[in-house]
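Working notes, beginning with the structure itself.
Whatever order the structure lists them in is the order used to number ligands and atoms, beginning at 1.
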Amino acid sequence: MKNILTKLVRDFLVGKKQKFVFSKTENQEFLNRELKLINLYIHIPFCKTLCPYCPYNRVKYEKKLIPDYFNALSKEIDLYFNKFGKIKIDSIYIGGGTPTNAIDELVTIIEKIKNLFDVVGDIAIETTVSDINDDNLSKLKKIGVNMLSVGVQSFNQKYIDFLGRKYSVSDINLAFEKIKKFNFETVNIDLIFLYPNQKKEELLSDLNSAKNLGVNQITTYPLFTFPYSTIGNYMKIKKIVMPKLLKRGVFYKTIYNYFKENQYKMVSVWSFKNSFIDQKYSSVTRDRYIGFGAGAGSRLNDIFYFNTFSIKDYVNTLLKKNRLPIAIDMKITPTLSKYYWFYWRLYETKILDSELNSFSDWKIRAILKMLIKLKLAKKESDYTVLTEKGSFWIHLAQNYFVLDYINRVWSVMKKEAFPEKIDI
Ligand SMILES: C[S@@+](CC[C@H](N)C(=O)[O-])C[C@H]1O[C@@H](n2cnc3c(N)ncnc32)[C@H](O)[C@@H]1O
Ligand code: SF4
């Protein structure tokens, strides 16, 4: 049923001609173009403990893996520099894994990027409670990180243990006392909700604890289980397992109302920002980006592509073959590009009239009109914004469709270093 629905929606929006197939990258000619401005993503896949529910491309931290990985990363940056020269970098997002696991090597890489390119924008990084210490924080500050995101997940020891994470509630509080001293412009906390049998009061208690830490942004993800995560393998599931719809609705409403009452602004269907501070922390909504590292995705104009997920092949391709480790790519038509843009604006819950006028077509207008009619969105002075109901449905669509696509690509990429084709 979901597949038929997906196909109908896709055909209506982008037409039957657009193929949703990633093919093995035979040549890298699509990189032969001029580039002036881009965003960067850097993937550091190492984690000290591997959480069983985690779908990301991550491996157990081993000291001996670090030098090769960072030499390869450095080579990858050189190859891009040789192609594009000193381009302007609008933002850098360092994700993982847990990038702070190799802090000194990371410092060297960021310094290299700053020397080679013209970095003008924010530098954001993901980290975890166990990696918060004065040494790491001062190194991050020194390289210009201004946005810090900490994976806390819960303040309830029962759920921290359920996720297999190795810290206590008092470790979380200590970590945030340390963070405060360093005055990062934006600090985000990641929380997970909808644990098996979680009660609404437990969710509210987590939200309160996060708010009381005085951070600028809180991001709340429902726990989803991917088939290729350890939990997924153990449970022998074939699809992503989502929490039940009714409970999900109640929990989403609880979160939405909580942040509204506490004067937080919604900056995406999952993130809420303290209204008194004017910065946001987001990784995925950028239109054009180059991803460095194993498994990193990139989008350059009309091409999406992914590096190989295999750490070994990533390192060998760069260090032995002297070649970029791009595994698969897909061409994007201008129509698809438009809907990609529209999707991310919905994800951010707000579309400015000025942007819409320069971009939209009749289908986007029709969808917006329908959303307003169904009270899923409302028109304000110079923008359209999703209502609580609307953001819940977009959040659900994000889970059903986008995570399903990610699941199809990532599950193959985790098994094969250079697959022939991935049909999504
Ligand atoms: C790469 S991790 C963040 C940094 C660090 N590795 C950590 O875990 O603290 C990105 C975030 O994705 C979320 N996440 C990971 N797996 C998830 C899952 N199965 N369901 C919901 N959220 C998940 C977590 O909130 C996590 O903080
Ligand atoms: S959730 Fe974070 S710490 Fe846990 S395995 Fe995934 S990336 Fe690593």
Just which atoms of ligand 2 are under 4.0 Å from any heavy atom in Gly97? 7 (S)
In terms of side-chain heavy atoms, does Ser310 have a donor or acceptor partner in Thr308 at a distance below 3.5 Å? no
Does some non-hydrogen atom of Thr128 fall short of 4.0 Å from ligand 2? no
May I ask you to identify, for Cys47, whether its side chain, its backbone, both or neither come under 4.0 Å of ligand 2 on a heavy-atom basis? side chain
So for Gly97, does at least one of its heavy atoms come nearer than 4.0 angstrom to any atom of ligand 1? yes
Protein contact to atom 6 (Fe) of ligand 2 [nearest heavy atom, distance to 0.1 Å]: Cys54 SG, 2.3 Å
shortest atom 4 (Fe) of ligand 2-to-protein heavy-atom contact is with Cys51 SG, 2.3 Å
Can you tell me how far apart CD1 (Ile109) and CD1 (Ile77) are? Round to the nearest 0.5 Å. 4.0 Å
Decide whether the shortest distance between a heavy atom of Arg165 and an atom of ligand 1 is less than 4.0 Å. yes
Heavy-atom contacts with Pro55 under 4.0 Å: which atoms of ligand 1 show up? List them by number with element. 16 (N)
State whether a side-chain donor-acceptor pair under 3.5 Å links Asn115 with Glu111. no
Taking a cutoff of less than 4.0 Å between a non-hydrogen atom of the residue and any ligand atom, is Leu191 in contact with ligand 1? no
Which ligand 1 atoms does Gly151 reach within 4.0 Å, using its non-hydrogen atoms? 9 (O), 27 (O)
Asn216 side chain to Asn188 side chain, donor-acceptor N/O pair below 3.5 angstrom: no
Taking only heavy atoms of Leu223, which atoms of ligand 1 are found under 4.0 Å from at least one of them? 20 (N), 21 (C)
Check if Pro222 has a non-hydrogen atom at a distance under 4.0 Å from any atom of ligand 1. yes
Going by the order shown, which atoms of ligand 1 are within less than 4.0 Å of some heavy atom of Gln153? 8 (O), 9 (O), 24 (C), 25 (O), 26 (C), 27 (O)
Output the list of atoms in ligand 2 that are nearer than 4.0 Å to some heavy atom of Arg58, sorted by atom number. 5 (S)
Are Glu76 and Tyr314 linked by a side-chain donor-acceptor pair shorter than 3.5 Å? yes
Would you check the N or O atoms of Glu126, main chain and side chain alike, for any that come under 3.5 Å of an N or O of ligand 1? no
I'd like to know if Gly151 contacts ligand 2, where contact means a heavy-atom distance under 4.0 Å to any ligand atom. no
Judged by non-hydrogen atoms, does Gly95 sit under 4.0 Å from ligand 1? no
Side chains of Glu202 and Tyr159: donor-acceptor distance under 3.5 Å anywhere? yes
N or O pair under 3.5 Å between Tyr221 and ligand 1: no
I want to know whether Tyr258 and Phe272 have ring centres closer than 6.0 Å. no
Ligand 1 atoms nearer than 4.0 angstrom to some heavy atom of Thr128 are 7 (C), 9 (O)
Say whether Phe224, considering both its backbone and side-chain N or O atoms, lies within less than 3.5 Å of an N or O atom on ligand 1. yes
Test side chain to side chain donor-acceptor pair (under 3.5 Å) applied to Thr100 and Asn133, Asp131, Asn136, the passing residue: Asp131
Arg165: heavy atom below 4.0 Å from ligand 2, yes or no? yes
Passing candidate, ring-ring contact (aromatic ring centres under 6.0 Å, His included) with Phe292, options Tyr41, Phe70, Tyr80: Tyr80
What's the shortest distance from atom 3 (S) of ligand 2 to any protein heavy atom, and which residue and atom give it? Thr98 OG1, 3.6 Å
Run down the list Asp190, Leu163, Ile44 and name the one with the heavy atom closest to atom 11 (C) of ligand 1. Asp190
Short list, please: which atoms of ligand 1 are under 4.0 Å from a heavy atom of Tyr56? 10 (C), 12 (O), 15 (C)
Can you find a side-chain donor-acceptor pair between Ser91 and Asp122 that sits under 3.5 Å? no
For ligand 1, indicate whether the residue Thr127 contacts it via side chain, backbone, both or neither (heavy-atom separation under 4.0 Å). backbone
Does Lys414 make a cation-pi contact with Phe309, if we ask for NZ or CZ under 6.0 Å from the ring centre and within 45° of the axis? no
Distance under 6.0 Å and angle within 45° of ring axis: Lys350 vs Tyr383: yes
Distance flag, aromatic centroids of Tyr340 and Phe304, threshold under 6.0 Å: yes
CG of Asn322 to CG of Leu79, rounded to nearest 0.5 Å, is 6.0 Å
Do the side-chain N and O atoms of Arg345 and Tyr347 include a donor-acceptor pair separated by under 3.5 angstrom? no
Would you mind telling me if ligand 1 is within reach of the side chain of Arg58, the backbone, both or neither, using heavy atoms under 4.0 Å? neither
Would you mind telling me which of Thr254, Leu207, Asn274 makes a side-chain contact (heavy atoms from CB on, under 4.5 Å) with Phe259? Leu207
Under 4.0 Å to a heavy atom of Gly96 - the qualifying atoms of ligand 1, by number: 1 (C)
Ligand 1 contacted by Cys47 (non-hydrogen, < 4.0 Å): no
Going by the order shown, which atoms of ligand 1 are within less than 4.0 Å of some heavy atom of Thr98? 5 (C), 6 (N)
Among Leu376, Ile394, Thr384, Thr387, find the residue that satisfies the side-chain contact (heavy atoms from CB on, under 4.5 Å) test when tested with Leu371. Leu376
Within the 4.0 Å heavy-atom shell around Tyr53, which atoms of ligand 2 are there? 1 (S)
